Amino acid sequence: MDLADLQPKIFQEFHHILQADRLSHAYLFSGNFASYEMAIFLAQSQFCENLQDSLPCGHCRECRLIAERDFSDVKVIEPQGNVIKTDTIRELLRDFSRSGFEGQSQVFIIRDSDKMHVNAANSLLKFIEEPQSSSYMILLTSDESKVLATIKSRCQIFRFPKNQAYLENLLEQKGLLKSKASLIAAVADDEASALSLADLSKFDDLCRSLEKFIAGLAKDPVQAFLQVTRLASLAIDKPEQDLVFKLLLVLLGRAQKPSQVSKVYQARQMWLSNVSFQNVLEYMVLK
């Protein structure tokens, strides 16, 4: 499925922008669902040799190289570990001072821009405030609240809502039951993460344990404590533990238990502050 189907409203907005030749020099894309694909699409629009109604063809040499991240005038920056270092951004800014190799334009895409070191983010302000006419910056984030306010105020912001119906349909076509497809679609950020969760061997075990945990919160604290141990043994790393919190929020929301939902938010904040996963689940039971 292409961008026009995944994000129809945003696709139409950018189609009009490209037709009018009004592409801005700095964008912030908030949300993971097809935002990276849109950034690549916009980069292709600046170099495509076979534009069709101002839209890139997706098949020419330039479009293919950009999609493969092998085009010299389109650079994609990603975190190293959990941070984008200041030196990485400074090197990027040095590239802004040079002319493009393939043409006059340059496009810079920064994924997980909320993970930029504060000094790195501040380094970007000079470019955003004084852009070169042929250079474009696209920042991507899954958590807009973590992006510096000074950055956000200087970018045009587009928010990419998740197309949950598309994800559910995709997962059902892969052979998943409707109930499981709906649950995965609710917690997945995008198509890639949805497919990854569909293949996660322990997903069903996590869900069964969470259902028992939720039942224990209401009626049987001993059972809930037993499931804390079980969940701690299943969700070993940070991504799996974060998945547990997401599943809890969805399952409790569907069960219409708002007081328990607030406990999950509190527990997750404790976990983000480096309290152990098992301890924060025990805190939920005790509270």
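A quick note: this is a predicted structure, and the numbers were derived from the prediction, not measured.
- Note: the hydrophobic cluster containing V222 does not contain I214 (ILVMFWY, side chain heavy atoms under 4.5 Å, direct or indirect links).
- Minimum interatomic distance between P221 and V285 (heavy atoms only, all atoms of both residues): O-CG1, 4.0 Å.
- Shown here for Q164 and A185, the closest heavy-atom pair between the two residues is CG-CB, 3.7 Å.
- With respect to R64 and D70, no salt bridge is recorded, no charged nitrogen being found less than 4.0 Å from a carboxylate O.
- No close placement of the Y36 and F160 rings is indicated, their centers lying 6.0 Å or farther apart.
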Practice problem: Give the intermediate values and the outcome of side-chain contact (heavy atoms from CB on, under 4.5 Å) for residues E144 and I157. | Solution: CA-CA 10 Å; E144 184 183 331; I157 300 176; 4.0 Å; yes

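- The line from CG of L23 to OG of S54 is 11.5 Å long, rounded to the nearest 0.5 Å.
- Counting only heavy atoms from C-beta outward, the side chains of Y166 and D5 never approach each other to under 4.5 Å.
- Atom CD1 of I40 and atom OG of S45 lie 11.0 Å apart (nearest 0.5 Å).
- For the residue pair S209 / Q227, a side-chain donor-acceptor distance below 3.5 Å is found, with atom types taken as modelled.
- Looking at heavy atoms from C-beta onward, I109 lies in side-chain contact with L140 at the 4.5 angstrom threshold.
- Formation of a donor-acceptor pair under 3.5 Å by the H25 side chain with backbone atoms of S135 is found in this model.
- Hydrophobic clustering, with ILVMFWY side chains joined whenever heavy atoms are under 4.5 angstrom apart, keeps L177 apart from L171.
- Crowding of Q256 atom CD: a count of heavy atoms from other residues, nucleotides or ligands under 6.0 Å not exceeding 12.
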Quiz item: What do the steps show when you test N163 against Q7 for side-chain contact (heavy atoms from CB on, under 4.5 Å), and what is the final call?
Solution: CA-CA 8 Å; N163 190 333; Q7 292 288 359; 5.7 Å; no

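- At a threshold of 4.5 Å between non-hydrogen side-chain atoms, the residues D189 and S142 do not count as touching.
- Checked against the 6.0 Å centroid threshold, F29 and F41 do not count as a close aromatic pair.
- For the residue pair S145 and D143, a side-chain donor N or O sits within less than 3.5 Å of a side-chain acceptor on the partner.
- Shortest non-hydrogen contact noted between Q46 and S105 is OE1-OG, 4.3 Å.
- Taking OG from S35 and CG from L139, the interatomic distance works out to 11.5 Å, rounded to the nearest 0.5 Å.
- Between the side chain of K202 and the main chain of L234, a donor-acceptor pair closer than 3.5 Å is present.
- What you find for I84 and D112 is that their closest heavy atoms are CD1-O, 3.7 Å.
- In this structure, CZ in F245 is found 6.0 Å from CH2 in W271, a value given to the nearest 0.5 Å.
- Side-chain atoms of K152 never come within 3.5 Å of backbone atoms of L28 as a donor-acceptor pair (strictly under, hydrogens ignored).
- A 4.5 Å side-chain heavy-atom check between L18 and D53 finds every atom pair outside the cut-off.
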Quiz item: Going through the distances and angles, do N279 and E282 end up as a side-chain contact (heavy atoms from CB on, under 4.5 Å)?
Solution: CA-CA 5 Å; N279 284 348; E282 290 173 351; 3.6 Å; yes

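- Summarising the geometry, atom CG belonging to L231 is positioned 7.0 Å from atom CZ belonging to F213; distances are rounded to the nearest 0.5 Å.
- Remark: side-chain polar atoms of D242 are not paired, donor with acceptor, to backbone N or O of K238 under 3.5 angstrom.
- For the ring-ring contact (aromatic ring centres under 6.0 Å, His included) with Y27, the qualifying choice from F14, F108, Y136 is F14, the only one to do so.
- Counting only heavy atoms from C-beta outward, the side chains of L124 and I110 approach each other to under 4.5 Å.
- The backbone N or O of E168 lies less than 3.5 Å from no partner atom in the side chain of K178, so there is not a single donor-acceptor pair.
- A side-chain donor-acceptor contact under 3.5 Å links Q44 to the backbone of C63.
- The pair E49-R61 fails the salt-bridge criterion, with no side-chain N (NZ, NE, NH1 or NH2) lying under 4.0 Å from an Asp/Glu carboxylate O.
- Checked by atom type and distance alone, the side chain of Q80 never pairs as donor or acceptor with a backbone atom of K85 at under 3.5 Å.
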Quiz item: Can you check side-chain contact (heavy atoms from CB on, under 4.5 Å) on R230 and K212, steps first, answer last?
Solution: CA-CA 10 Å; R230 173 67 174 157; K212 292 178 182 178; over 6 Å; no

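- At a threshold of 4.0 Å, the pair D199-K174 does not count as salt-bridged, since none of the basic side-chain nitrogens sits closer than that to a carboxylate oxygen.
- Cluster membership check: F203 does not share its hydrophobic cluster with I236, using side-chain heavy-atom separations under 4.5 Å among Ile, Leu, Val, Met, Phe, Trp and Tyr.
- Y283 and L286 fall within the same hydrophobic cluster, where Ile, Leu, Val, Met, Phe, Trp and Tyr residues are linked whenever their side-chain heavy atoms come under 4.5 Å apart, directly or through other members.
- Using a 4.0 Å cut-off between charged nitrogen and carboxylate oxygen, E78 and R69 count as a salt-bridge pair.
- Of the possible donor and acceptor atoms, none in the side chain of S196 sits under 3.5 Å from a partner among the backbone N and O of S193.
- The distance from the NE2 atom of H117 to the OG1 atom of T88 is 12.0 Å, given to the nearest 0.5 Å.
- Considering every non-hydrogen atom in both L248 and M284, the closest pair reads CD1-SD, 4.5 Å.
- Looking at S182, its side chain never comes within 3.5 Å of a backbone N or O of S179 through a donor-acceptor pair.
- Other residues, nucleotides and ligands place no more than 12 heavy atoms under 6.0 Å from the NZ atom of K257.
- Between L217 and Q260, the closest side-chain pair of non-hydrogen atoms falls below 4.5 Å.
- In this structure, the side chains of L125 and R154 come closer than 4.5 Å at one or more pairs of heavy atoms.
- Taking every heavy atom of both residues into account, I128 and A26 meet most closely at CG2-CB, 4.0 Å.
- When the side chains of ILVMFWY residues are joined at heavy-atom separations under 4.5 Å, either directly or via intervening members, L252 and F225 end up in a single hydrophobic cluster.
- A 4.5 Å side-chain heavy-atom check between N82 and K115 finds at least one atom pair inside the cut-off.
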